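To find a chain, count down the sequence lines: A is the first, B the second, and so on, and within it residues start at 1. Everything quoted here is computed from the prediction, not taken from an experiment.
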Number of protein chains: 2
Amino acid sequence: MDNVKISQALSDPIRYKILMMLVRSENACCPVISNNAVESPVGLCNCEIMNELSMIQSRVSYHMKELVETGLVNEEPRGKWKYYFANSKKMLDYVDQLKLDFNLE
Amino acid sequence: MDNVKISQALSDPIRYKILMMLVRSENACCPVISNNAVESPVGLCNCEIMNELSMIQSRVSYHMKELVETGLVNEEPRGKWKYYFANSKKMLDYVDQLKLDFNLE
DNA sequence: TGATTATATCAAAATATGTTGATATAATTA
DNA sequence: TAATTATATCAACATATTTTGATATAATCA
């Protein structure tokens, strides 16, 4: 089921942290202009996540791919960068399905 | 973090299904009296899960241990049986934490 | 154009997780 | 008490996931 796949995506501490970072970056009131990505400062690119979490590049790529594949994260290539955005809709769907499956609330 | 551990518990299709079974068994309006466990028909024992899912005994034991360790499931030994109960409180805590971490609603 | 920069992908290795059959423990029943 | 039943645990194996370093691709910059 879809919720099992999403749980699996959330079950890695690095991916969980990355998701939180994406959410925060999108909710920042005054988005930071970083890495020359001036036009659209929301979202984070591979290299920003890499620096933030002190991870090597291929490791970041791997985890971002996992997140994108579940639909929890959307991507948008911009020049030589790739920007990532949390997909709140998907997260809400996950939560709603949990409520149904486990009779919550 | 706690939510990562819980996501990991939910990331196995068998465990996810078992949790749903426990929730359903507890919400049944007319609990089924099964397997001689007459006094307290709610909850499910190892052997019932085993039969229901056609799994060998050690496999069920393994998954129940995982679920109990996260707190998603509580156990109560009764005679030679062990009964399991979904812990809705824990599930709600999980959902609430998701909402906080991912800025939902 | 050539050098640089950002990301993707791959194969190998490391690590973690799940499954099985065997055996152990402990309560129950005959 | 002996046989039966339910569950736990263990070691071996199978499978899946994560990490790494190397190499490839493609956009940008000088």
Side-chain angles (χ1 to χ4, degrees), chain A residues 1 4-19 21-22 33-41 43-70 72-85, chain B residues 1 4-19 21-22 33-41 43-70 72-85:
Chain A
M1 205 223 306
V4 171
K5 287 220 177 63
I6 294 187
S7 301
Q8 133 76 19
L10 297 175
S11 74
D12 182 281
I14 287 159
R15 284 194 296 264
Y16 199 102
K17 193 174 248 180
I18 290 174
L19 268 176
M21 283 171 55
L22 291 179
I33 294 169
S34 61
N35 223 334
N36 299 339
V38 185
E39 321 98 69
S40 177
L44 291 175
C45 66
N46 221 310
C47 59
E48 285 168 316
I49 295 164
M50 203 180 133
N51 294 332
E52 188 70 31
L53 301 180
S54 310
M55 288 169 56
I56 66 171
Q57 185 267 321
S58 60
R59 194 177 171 196
V60 175
S61 257
Y62 168 75
H63 285 297
M64 296 321 292
K65 195 179 181 194
E66 293 285 303
L67 287 170
V68 168
E69 274 169 0
T70 59
L72 285 171
V73 165
N74 293 133
E75 57 186 5
E76 179 192 324
R78 225 180 283 148
K80 63 179 165 181
W81 294 280
K82 196 157 200 176
Y83 277 77
Y84 298 100
F85 308 88
Chain B
M1 206 223 307
V4 172
K5 287 221 177 63
I6 293 186
S7 301
Q8 133 77 20
L10 297 174
S11 74
D12 182 280
I14 286 158
R15 285 193 296 264
Y16 200 102
K17 191 174 250 181
I18 290 174
L19 268 176
M21 283 172 56
L22 291 180
I33 294 170
S34 62
N35 222 334
N36 300 340
V38 184
E39 321 98 68
S40 178
L44 292 174
C45 66
N46 221 309
C47 59
E48 284 167 318
I49 295 165
M50 203 179 132
N51 294 331
E52 188 69 32
L53 301 180
S54 310
M55 288 169 56
I56 65 171
Q57 184 267 319
S58 58
R59 194 176 171 197
V60 175
S61 258
Y62 168 75
H63 286 297
M64 297 320 292
K65 196 180 180 192
E66 293 285 304
L67 287 170
V68 168
E69 274 169 359
T70 60
L72 286 171
V73 166
N74 293 133
E75 58 186 4
E76 179 191 322
R78 224 180 283 147
K80 62 179 165 180
W81 294 280
K82 195 154 197 177
Y83 277 77
Y84 298 100
F85 309 88

| remark: Correct closest heavy-atom pair for A:Y84 and A:L22 would be O-CD2, 3.5 Å
| query | For the residue pair B:L53 and B:K17, what are the closest heavy atoms and their distance? | reply | CD2-CD, 3.6 Å
Could you check whether any side-chain N or O of [X] sits under 3.5 Å from a backbone N or O of [Y], counting only pairs where one atom can act as donor and the other as acceptor?
X: B:S11; Y: B:Q8; value: yes
X: A:R15; Y: A:A9; value: yes
X: A:E69; Y: A:E66; value: no

Nearest whole angstrom, please: distance from the [atom2] of [N] to the [atom1] of [X].
X: B:I56; N: C:dG21; atom1: CD1; atom2: P; value: 5 Å
X: B:M55; N: C:dT20; atom1: CE; atom2: P; value: 8 Å
X: B:N46; N: C:dA27; atom1: CG; atom2: C1'; value: 15 Å
X: A:I49; N: C:dA6; atom1: CD1; atom2: C1'; value: 13 Å
X: A:K80; N: D:dA24; atom1: NZ; atom2: P; value: 20 Å

Taking only the side-chain heavy atoms of [X] (C-beta and beyond), determine which of [options] contains the nearest atom.
X: A:E66; options: D:dT18, C:dG21, D:dT9; result: D:dT18
X: A:I14; options: D:dT19, D:dT5, C:dT7; result: D:dT19
X: A:Y62; options: D:dT9, C:dT28, D:dT18; result: D:dT18
X: B:R59; options: D:dA27, C:dA8, C:dT19; result: C:dT19
X: B:Q8; options: D:dT5, C:dT7, C:dG18; result: C:dG18
X: B:S58; options: C:dT20, D:dA27, D:dT7; result: C:dT20

Please check the phosphate of [N] (OP1 and OP2 only) for any side-chain N or O of [X] closer than 4.0 Å.
X: A:H63; N: D:dT17; answer: no
X: B:R15; N: C:dG18; answer: yes
X: A:K82; N: C:dA8; answer: yes
X: B:S61; N: D:dA8; answer: yes

| said: Tell me if the side-chain of A:Q57 makes a donor-acceptor pair with the base of C:dA8, cut-off 3.5 Å, by modelled atom types. | reply: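 Counting by modelled atom types and ignoring angles, a donor-acceptor contact under 3.5 Å is found here.
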